[in-house]
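A short worksheet on the structure shown next.
Given the structure is predicted, the values throughout are model-derived calculations rather than measurements. As a basis for the values below, the full set of heavy atoms in this structure was taken, side chains included, without hydrogen atoms, waters or symmetry mates.
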Amino acid sequence: MLRFSCGLWAGATLLAILATPLTAADEPVADQDYTLRYKFSPGETIRWEVVHRGRIRSTISGTTQAAETVSKSVKVWKVAEVKEDGAATFEHSVESVDMWHKFTGQQEVRYNSLTDAKAPLGYENVAQSIGVPLSTVTVSPRGEIISRVRLQKTQQQQNEGLMCIPLPEKPVAAGHTWSLPMPIEVPLPAGTIKRVDASQKFTLSEVKNGVATIQIATQILTPIRDPAIEAQLIQSQSTGFVKFDIDAGRVISQQLDVDKGVVGFSGEASSMHCLSRFTEELITAKTETASRPAATREL
């Protein structure tokens with residue numbers, strides 16, 4: 001949650017890398033238990049660069065339309081307090097945004113909070129939320145939200161999802177899995193709500209140079225036989241990974257992808273395809289520890 005492709009030179013380079021033996025410092029340590037915990041210090045300010053790219057292409061009654069969006073922002077956590085048990089209270093805000101969207105048959109709309117004095121139509125609420133506290137959050141060392149007080153009601157905040165990935169209760173070794181229930185409410189045409197049971201599955205795939213790689217996959221548990229409901233669930237079914245610095249106690253990067261389609265959501269000849277990528281990068285992270293594997297699809 002696409003953009004890169006490999007040429008002959010890249011392929012040859014990859015073969016050379018694969019042929020080079022790992023040094024002892026590079027080798028992942030097997031059969032070792034790791035304690036994964038968030039760690040914060042009072043007064044510190046943490047920033048991440050967040051990028052969300054998405055494209056939805058739908059066809060109904062022979063007419064095809066596409067919607068493309070790109071959002072780049074800087075997310076900020078200002079830590080106010082850390083209790084003896086490690087629970088931290090921080091102020092969440094968005095420092096800047098650079099975003100645009102385009103729909104079939106319409107002119108694209110752009111907004112950059114650093115250069116535009118006035119937000120275009122549709123981005124007024126976004127502009128009002130820049131540089132102001134959006135919420136005050138208290139989180140446990142395992143990533144559990146103890147309390148969250150919303151200070152601004154914005155669309156971004158409503159769609160923010162998980163602020164912290166949950167971490168296992170006990171020390172774990174590579175290969176360990178855990179999950180978090182994630183019920184989804186789907187609005188129906190009759191005005192009612194259908195509850196869909198889902199969960200996010202987390203797997204500690206490896207620990208290398210003090211950085212844990214955690215794979216993430218969303219699983220829909222409720223059987224879905226209605227394509228119209230399936231279409232509303234597409235953007236929730238992401239897969240990806242998180243890079244977690246064990247010593248620093250924080251996420252240094254993450255990537256979540258969606259690449260799914262559904263047929264018959266609005267008549268037999270209808271179809272929809274969603275392609276999106278969400279990335280987050282700790283701005284102060286070292287380049288070598290925050291590296292990510294190359295993508296294979298282009299958005």
Pairs in or reaching into residues 125-144: which pass ring pair (Phe, Tyr, Trp, His ring centres under 6.0 Å), with residues at least two apart or in two chains?
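Qualifying pairs, neighbours excluded: none.
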Report task. Output every pair passing ring pair (Phe, Tyr, Trp, His ring centres under 6.0 Å) with a member in residues 192-223, not counting sequence neighbours, ordered by first then second residue. Result ->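 Applying ring pair (Phe, Tyr, Trp, His ring centres under 6.0 Å) to every pair that reaches into residues 192-223, excluding sequence neighbours, yields W178-F202.
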Note to self: Test of understanding: with side-chain hydrogen bond (donor to acceptor under 3.5 Å, both in side chains), list the residues that count as partners of E44, not counting sequence neighbours.
What the structure shows: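 E44 satisfies side-chain hydrogen bond (donor to acceptor under 3.5 Å, both in side chains) with R250 once adjacent residues are dropped.
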Point to revise | Residues forming a side-chain hydrogen bond (donor to acceptor under 3.5 Å, both in side chains) with S93, sequence neighbours excluded | key: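 So S93 forms no side-chain hydrogen bond (donor to acceptor under 3.5 Å, both in side chains) with any residue.
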**Item:** Side-chain hydrophobic cluster, 4.5 Å single linkage: members besides L233
**Value:**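 Noted: L233 shares its cluster with M182, I184, V186, L188, V196, I220, I224, I229.
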Exercise. Do we see a donor-acceptor contact under 3.5 Å between the side chains of D259 and H273?
Worked result: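 On atom types as modelled, these side chains qualify, holding a pair under 3.5 Å.
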What residues, two or more places apart in sequence or in another chain, satisfy side chain to side chain contact (heavy atoms under 4.5 Å, CB included) together with [X]?
X	answer
V70	R53, K72, W100
S179	none
P133	E91, L151

Mind listing the side-chain donor-acceptor pairs of residues 109-123 below 3.5 Å, one per line with the distance, residues two or more places apart or on another chain?
from, atom 1, to, atom 2, distance (Å)
R110, NE, E108, OE2, 2.6
R110, NH2, E108, OE2, 3.2
N112, OD1, L114, N, 2.8
S113, OG, V97, N, 2.9
S113, OG, V97, O, 3.3
D116, OD2, N112, N, 2.8
Y123, OH, H101, ND1, 2.8

> Taking side chain as C-beta onward, heavy atoms only, is E95 less than 4.5 Å from I130?
Replying inline: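 They are not in side-chain contact.
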### Task
Would you please test T177 and K201 for side-chain hydrogen bond (donor to acceptor under 3.5 Å, both in side chains) and show each step?
CA-CA 7 Å; T177 63; K201 180 182 178 182; 5.3 Å; no
Would you tabulate the side-chain donor-acceptor contacts of residues 56-64 under 3.5 Å, counting partners in other chains and residues two or more places apart, or write 'none'?
from, atom 1, to, atom 2, distance (Å)
T59, OG1, T64, OG1, 2.8

- request: May I have all residue pairs that pass salt bridge (Lys or Arg N to Asp or Glu O under 4.0 Å) and include part of residues 181-197, sequence neighbours excluded?
  value: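 Residue pairs passing salt bridge (Lys or Arg N to Asp or Glu O under 4.0 Å), neighbours aside: R195-D197.
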Q.
Between R142 and E144, is the salt bridge (charged side-chain N to carboxylate O under 4.0 Å, His left out) condition met? List the steps.
A. CA-CA 6 Å; R142 288 184 54 214; E144 300 166 309; 3.6 Å; yes
List the residues meeting ring pair (Phe, Tyr, Trp, His ring centres under 6.0 Å) with Y38, not counting sequence neighbours, and say none if there are none.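 Expected list: F244.
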Q: Look at the aromatic rings of F90 and W77 and report parallel, tilted or perpendicular, splitting at 30° and 60°.
A: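 Parallel, since the angle between the ring planes stays under 30°.
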